[in-house]
Protein chains: 2
Amino acid sequence: MEPMAAPSPGKCHKANEVIALIGDKWTVHIVMQLATGKKRFSEIERSVDGISRKMLTTTLRGLERDGYVTREVFPTIPPRVEYELTNFGRELSCPLRALGDWAAANHDRVLAARRAYDNRVED
Amino acid sequence: MEPMAAPSPGKCHKANEVIALIGDKWTVHIVMQLATGKKRFSEIERSVDGISRKMLTTTLRGLERDGYVTREVFPTIPPRVEYELTNFGRELSCPLRALGDWAAANHDRVLAARRAYDNRVED
DNA sequence: TATATTCAGTCTCTAATATAGACTGAGTCT
DNA sequence: AGACTCAGTCTATATTAGAGACTGAATATA
């Protein structure tokens, strides 16, 4: 098979900078949750399994900073804060959803490959 | 706007497990590099900016374990080891490329959002 | 009236993870 | 003889993540 042409370095570099943010452990999960609609802090916390408050705060702040989500504070007691994807965030959620769908569809193949590898290695 | 239906929990969970692997700091970069063709260890090291030898080894092993890449050792001196995407890995590279393309295309919008946020916050 | 609960965080302490950089081994090159 | 190469590994340090206590003021409960 003919090797494909390498993408231009400029493009790679630009992609890398942005992927550095969206390619971390929690961002994908959070964006996918917000893709289902506006959510408050504790709702996201409950729906993203295993995330700590600290990381949820940190990740949401990063998403807000980069323009993917809005944060709306209601000065009630107890406080209420709602997070929602911007249009830009909804655009991002498309390639992210494609990745998530692929991941879900190929889950079993990955597990099979992993078992096969572990059997090969353990002797 | 009507909220969209949440994906089924099963699907989410499956996707999460797989994304846990491909959604780390280096995997995306390495797969994108390998998408341009077979590469040896030091070539990847040079093309993925800032990666440490240890993380390159760790990440490549994970990708091999999950069936995304093959590792071929040539017992020469000095040693030569070639990494190549499997067909499965090439499948993965499609949604990953889509994400990378989106990231590259929207790089400037992210940076603008970030500057705007930082200006808003710093007072 | 006293107490518990709620939410969206923050803070601190500890645990896990990543990085930097030295080291390896045997064959070529100078 | 000495330097250089590659694909790692090893160790020590630095960065990052996680667990869990704490906050403050209104409401709900006993």
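As a basis for the values below, the full set of heavy atoms in this structure was taken, side chains included, without hydrogen atoms, waters or symmetry mates. Each chain gets a letter, A, B and so on, in the order the sequences are listed, and its residues count up from 1.
- The distance from atom CD of B:E43 to atom C1' of D:dA7 is 13 Å, rounded to the nearest whole Å.
- Atom CG of A:L56 is separated from atom P of C:dC7 by 14 Å (rounded to the nearest Å).
- We find the CZ-CD distance between A:R61 and A:E64 to be 6.5 Å, quoted to the nearest 0.5 Å.
- The pair B:E84-B:R40 does not meet the salt-bridge criterion, since no charged nitrogen lies less than 4.0 angstrom from a carboxylate oxygen.
- For the segment residues 59-72 of chain B, the set of residues with a heavy atom within less than 4.0 Å of an atom of DNA chain D comprises B:R61, B:R71, in numerical order.
- One atom, CZ of B:R40, and another, C1' of D:dC6, lie 7 Å apart when rounded to the nearest Å.
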Pick out the pairs of N or O atoms, protein on one side and nucleotides 20-28 of chain D on the other, that lie under 3.5 Å.
none

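- Contact annotation: B:T57 side-chain N/O to D:dG8 OP1/OP2 distance is not under 4.0 Å.
- Between the P atom of C:dT6 and the CD atom of A:E45 lies a distance of 13 Å, rounded to the nearest Å.
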> How far apart are the C-alpha atoms of A:T70 and A:Y83, what are their side-chain angles, what is the distance that settles it, and do they pass the side chain to side chain contact (heavy atoms under 4.5 Å, CB included) test?
Replying inline: CA-CA 6 Å; A:T70 55; A:Y83 293 90; over 6 Å; no

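- Taking atom CZ on A:R80 and atom P on C:dT5, their separation rounds to 23 Å, with Å as the unit.
- Here C:dA18 is the nucleotide among C:dC7, C:dA18, C:dG9 with the atom lying nearest to any side-chain atom of B:M55.
- Qualifying side-chain contact (heavy atoms from CB on, under 4.5 Å) partners for A:R53, counting only residues two or more places apart in sequence or in other chains: A:F41, A:E45.
- The shortest distance between the side-chain N/O atoms of A:S52 and the OP1/OP2 oxygens of D:dA19 is not below 4.0 Å.
- Taking the side chain to side chain donor-acceptor pair (under 3.5 Å) definition, one finds that A:T86 meets it with nothing, sequence neighbours left out.
- Between B:Y68 and B:F88, the ring-plane angle classifies as parallel under the 30° and 60° cut-offs.
- Near DNA chain D, defined here as any heavy-atom distance below 4.0 Å, the residues from residues 24-31 of chain A are A:K25, A:W26, listed numerically.
- For A:I77, the side-chain contact (heavy atoms from CB on, under 4.5 Å) criterion is met by no residue, not counting sequence neighbours.
- Between the side chains of B:T36 and B:K39, at least one donor-acceptor pair of N or O atoms lies under 3.5 Å.
- Going from atom CG of B:L111 over to atom CG of B:N106 covers 11.5 Å, rounded to the nearest 0.5 Å.
- Electrostatic pairing of A:D24 and B:K25 does not count as a salt bridge here, judged by no charged N lying under 4.0 Å from a carboxylate O.
- Nucleic acid contact for B:F74: none, since no nucleic acid atom lies under 4.0 Å from a heavy atom of the residue.
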>> Applying side chain to side chain contact (heavy atoms under 4.5 Å, CB included) to A:V69 and A:V31, what does each step give before you reach the verdict?
In response: CA-CA 9 Å; A:V69 312; A:V31 172; 5.7 Å; no

